[in-house]
Asks: 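Quick one: the structure is below, and I'll ask about it shortly.
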Amino acid sequence: ASRAHARRARSLHDRQRPLTRHVTVIRAIGDLDIDEVVAVRRIAEIERDVVHGDRTRRRLSREGERDLVAATSRDSDGALHSPDDLRRERAEALVPFLAAFGVTRVVTSPSVRCLDTVLPYAVATGRGTRIKVGLSEEGFAERPERAPHHMTRLLERGESAVVCSHGPVLPVLLEALAGIADSTESPAKISLTEAARHGMGKGEALVAHLVGTGAQARVVDVERYPAP
């Protein structure tokens, strides 16, 4: 599937060379949904309660076993893979995909989830990684204006870039791109608005094709690719 994504990306890139650049927005592979955040907090609460008796300890053991089973998956040969293995494979599959769009600038949240998503591409291509606290969940909570500022700076630079962030932050980035889409009825604007409203899947990539830079930049097309 990842090879098919890369071929599709190269084909689209070749057809749209006059657009000159693309901004690829990626939700971190392994990003946590709100229900998973609640589950993690619940496990932490159970761990704190372990000291109060054997009954809680046995409950923690049972729940831990279920979590371990749920956190592993099998490939077509029946081999077990940990979540770390799966995330690594998916991140490596992004390398040819991002290369097909000529990404020259890598901008990311400082979270391990985002770094694990984009570092394979940065290392493979020798690109520097720009870490922006404003793209993290914590940074966004403290200073929400920083995330759209980083998108504005990218539009001013006029480079093909990849931006990796998280579920709570992505709607603001996508709304910023929707604001410079061709028209209110354009497929690009509709796609960006839907992605901002309904969210992106873990590891999903949204590629915005742009012309112009800075205040003259506008989005003329959008492609969405599920996680490889």
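What you see is a predicted model; the values in this text were computed from it and never measured.
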Asks: Among all residues two or more places apart in sequence or in another chain, which pass the side chain to side chain contact (heavy atoms under 4.5 Å, CB included) test with Gln216?
Replies: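 For Gln216 there are no side chain to side chain contact (heavy atoms under 4.5 Å, CB included) partners, ignoring immediate neighbours.
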Asks: Please lay out, stage by stage, how Lys202 and Asp31 fare under the test salt bridge (charged side-chain N to carboxylate O under 4.0 Å, His left out).
Replies: CA-CA 6 Å; Lys202 302 173 187 180; Asp31 208 14; over 6 Å; no
Asks: Please name the pair of heavy atoms, one in Val172 and one in Pro148, separated by the smallest distance, quoted to 0.1 Å.
Replies: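 Closest approach of Val172 to Pro148: CG1-CD, 3.5 Å.
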Asks: Do you know which two heavy atoms are closest between Ala205 and Phe97, and how far apart they sit?
Replies: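 Ala205 and Phe97 have their closest heavy atoms at CB-CE2, 3.8 Å.
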Asks: Among all residues two or more places apart in sequence or in another chain, which pass the salt bridge (charged side-chain N to carboxylate O under 4.0 Å, His left out) test with Glu145?
Replies: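 If we apply the salt bridge (charged side-chain N to carboxylate O under 4.0 Å, His left out) test to Glu145, skipping adjacent residues, the hits are Arg143.
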Asks: Which residue, Leu94, Ile26, Val25, forms the side-chain contact (heavy atoms from CB on, under 4.5 Å) with Val162?
Replies: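 Output: one option passes, namely Ile26.
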Asks: Counting N and O atoms only, with roles assigned by atom type, does the side chain of Thr104 sit under 3.5 Å from a partner on the main chain of Ser160, one being a donor and the other an acceptor?
Replies: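 Answer holds: yes.
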Asks: Could you work out, with salt bridge (charged side-chain N to carboxylate O under 4.0 Å, His left out) as the rule, every residue matching Arg130, not counting sequence neighbours?
Replies: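 Testing Arg130 for salt bridge (charged side-chain N to carboxylate O under 4.0 Å, His left out), a comparison that skips the adjacent residues, returns none.
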Asks: Would you check if the side chain of Ser165 reaches a backbone N or O of Leu135 as a donor-acceptor pair within less than 3.5 Å?
Replies: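 Flag set: sc Ser165 to bb Leu135 pair under 3.5 Å.
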Asks: When rounded to the nearest 0.5 angstrom, what is the spacing between CZ in Arg127 and CG in Leu98?
Replies: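 Output value for this atom pair is 11.5 Å.
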Asks: Can you name the salt bridge (charged side-chain N to carboxylate O under 4.0 Å, His left out) partners of Arg90, sequence neighbours left out?
Replies: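 By the salt bridge (charged side-chain N to carboxylate O under 4.0 Å, His left out) rule, Arg90 matches no residue at all.
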Asks: Let me confirm one number: the CE-CD1 distance from Met151 to Ile180, rounded to the nearest 0.5 Å.
Replies: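 The CE atom of Met151 sits 8.5 Å away from the CD1 atom of Ile180.
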Asks: Does Lys132 use its side chain to pair, donor to acceptor, with the backbone of Thr108 at less than 3.5 Å?
Replies: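 It does not hold such a pair.
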Asks: Provide the closest heavy-atom pair for Val95 versus Ala124 in the form atom of the first, atom of the second, distance.
Replies: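 The answer is CG1-CB, 3.9 Å.
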Asks: Kindly give the heavy-atom pair with the smallest separation between Val106 and Val103, and that separation in Å.
Replies: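 For Val106 versus Val103, the nearest heavy atoms are CG2-CG1, 4.5 Å.
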Asks: Going by atom types alone, do Ser136 and His166 pair a side-chain donor with an acceptor below 3.5 Å?
Replies: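 Checked: Ser136/His166 side chains show no N/O donor-acceptor pair below 3.5 Å.
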Asks: Walk me through it: do Arg224 and Val207 pass the test side chain to side chain contact (heavy atoms under 4.5 Å, CB included)?
Replies: CA-CA 6 Å; Arg224 296 182 67 173; Val207 184; over 6 Å; no
Asks: Once side chain to side chain contact (heavy atoms under 4.5 Å, CB included) is applied, do any residues pair with Thr213, and if so which ones, sequence neighbours excluded?
Replies: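 Counting only residues at least two positions away or on another chain, Thr213 forms a side chain to side chain contact (heavy atoms under 4.5 Å, CB included) with Arg21.
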Asks: Under the rule for side-chain hydrogen bond (donor to acceptor under 3.5 Å, both in side chains), what residues qualify as partners of Ser186, not counting sequence neighbours?
Replies: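 So Ser186 forms no side-chain hydrogen bond (donor to acceptor under 3.5 Å, both in side chains) with any residue.
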Asks: Would you compute the distance between atom CD of Glu223 and atom OG of Ser191 and round it to the nearest 0.5 angstrom?
Replies: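 Between Glu223 CD and Ser191 OG, I get 8.5 Å after rounding to 0.5 Å.
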Asks: In terms of ring plane angle, is the pair His209 and Phe101 parallel, tilted or perpendicular, where the classes change at 30° and 60°?
Replies: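 His209 and Phe101: tilted rings.
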Asks: Nearest 0.5 Å please: distance from the CG atom of Leu173 over to the OG1 atom of Thr152.
Replies: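 Output value for this atom pair is 10.0 Å.
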Asks: Which residues pass the salt bridge (charged side-chain N to carboxylate O under 4.0 Å, His left out) test with Glu194, not counting sequence neighbours?
Replies: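 None.
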Asks: Identify the heavy atoms of Val118 and Cys164 that sit nearest to each other, and give their distance.
Replies: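 Between these two residues, the closest heavy atoms are CG1-CB, 3.7 Å.
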Asks: To the nearest 0.5 Å, tell me how far Leu206 CG sits from Thr24 OG1.
Replies: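 Here the interatomic distance stands at 8.5 Å.
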Asks: For Ala161, enumerate each residue passing the side chain to side chain contact (heavy atoms under 4.5 Å, CB included) test, keeping only those at least two apart in sequence or located in another chain.
Replies: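 Side chain to side chain contact (heavy atoms under 4.5 Å, CB included) check on Ala161 returns Arg105, Leu154.
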Asks: Write down the atom of Phe140, the atom of Pro168, and the distance for their closest heavy-atom approach.
Replies: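 Shortest heavy-atom separation between Phe140 and Pro168 comes out as CE2-O, 3.5 Å.
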Asks: Output every pair passing salt bridge (Lys or Arg N to Asp or Glu O under 4.0 Å) with a member in residues 166-189, not counting sequence neighbours, ordered by first then second residue.
Replies: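 The answer is Asp182-Arg218.
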Asks: Taking side chain as C-beta onward, heavy atoms only, is Leu210 less than 4.5 Å from Val220?
Replies: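 No. Closest side-chain heavy atoms not under 4.5 Å.
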Asks: If you look only at pairs with a residue in residues 114-123, which of them pass as a side-chain hydrogen bond (donor to acceptor under 3.5 Å, both in side chains), with sequence neighbours excluded?
Replies: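 Pairs touching residues 114-123 that pass the test: none.
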Asks: If the condition is side chain to side chain contact (heavy atoms under 4.5 Å, CB included), which residues does Glu142 pass it with, not counting sequence neighbours?
Replies: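 Expected list: none.
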Asks: Taking ILVMFWY side chains as joined if any heavy atoms are under 4.5 angstrom apart, and letting links pass through other members, which residues group with Ile131?
Replies: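 Grouped by the 4.5 Å side-chain rule, Leu115, Leu119 form the rest of the cluster around Ile131.
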